[in-house]
Amino acid sequence: MKNLKNSFEISGYVGFTEIRSFEKNNVCRFSLAISNKNKEEKTTAFLYAEAWMRELKYLEPIEKGKLITISGYFKPEEWTDSDGQKHNRTVLVAKTFATVENEE
């Protein structure tokens, strides 16, 4: 059986950002807009991502409107809201990220 690896590398534009600081670590949660264009239409999807860093300065490149490339792994999340409704989503956990120069 083939050994599968839980990893990704993707580029997109940063949407919302939220930075939270904890005693030993900081997290930036953000959305990433990615597009796919073919002959008939252009589609855009918004993905949910997070990056954990001890130093806030390393999270500075993650700001709304920036084109970035992130790589990392997928993390499934499940929760139940106050109405008892179950939810789930897959979060992209960024281990590395870099800003990309716009090629417009």
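Across E9 and T69, no two heavy atoms sit closer than the pair CG-CG2, 3.8 Å. Here the closest non-hydrogen pair linking V27 and E50 is CG2-CB, 4.1 Å. Heavy-atom minimum distance, V14 versus I68: CG2-CD1, 3.6 Å. Closest non-hydrogen pair, T44 versus A33, comes out as CG2-CB, 4.3 Å. Among all heavy-atom pairs drawn from I62 and A51, the shortest one is CD1-CB, 4.0 Å.
In this structure a side-chain-to-backbone donor-acceptor pair under 3.5 Å is missing from R29 to A49. Side chain of N6 to main chain of Y73: no donor-acceptor pair is present (N/O by atom type, distance under 3.5 Å, no hydrogens or angles).
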Verdict with reasoning, K95 to S71, per side chain to side chain contact (heavy atoms under 4.5 Å, CB included): CA-CA 6 Å; K95 298 301 280 178; S71 63; 5.5 Å; no
Go through it in stages, so that I can follow the logic: the residues are F46 and I34, the test is side chain to side chain contact (heavy atoms under 4.5 Å, CB included), and I'd like the CA-CA distance, side-chain angles, deciding distance and then a yes or no. CA-CA 6 Å; F46 293 90; I34 59 168; over 6 Å; no
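Between F22 and W52, the ring planes lie parallel to each other; the angle is under 30°, not in the 30° to 60° tilted range.
For the atom pair SG (C28) and CE (M53), the distance works out to 9.5 Å, reported to the nearest 0.5 Å. T99 contributes atom OG1, which lies 8.5 Å from atom CG of L67 (distance to the nearest 0.5 angstrom). Residue I10 holds its CD1 atom at 16.0 Å from CZ of F97, rounded to the nearest 0.5 Å.
Side-chain contact check for N36 and T43: no donor-acceptor pair (N or O, by modelled atom type) lies under 3.5 Å.
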What donor-acceptor contacts under 3.5 angstrom involve side-chain atoms of residues 82-92, with partners at least two apart or in another chain?
unit_1	atom_1	unit_2	atom_2	d
H87	NE2	D81	OD2	2.9
R89	NE	E77	OE1	3.0
R89	NH2	E77	OE1	3.1

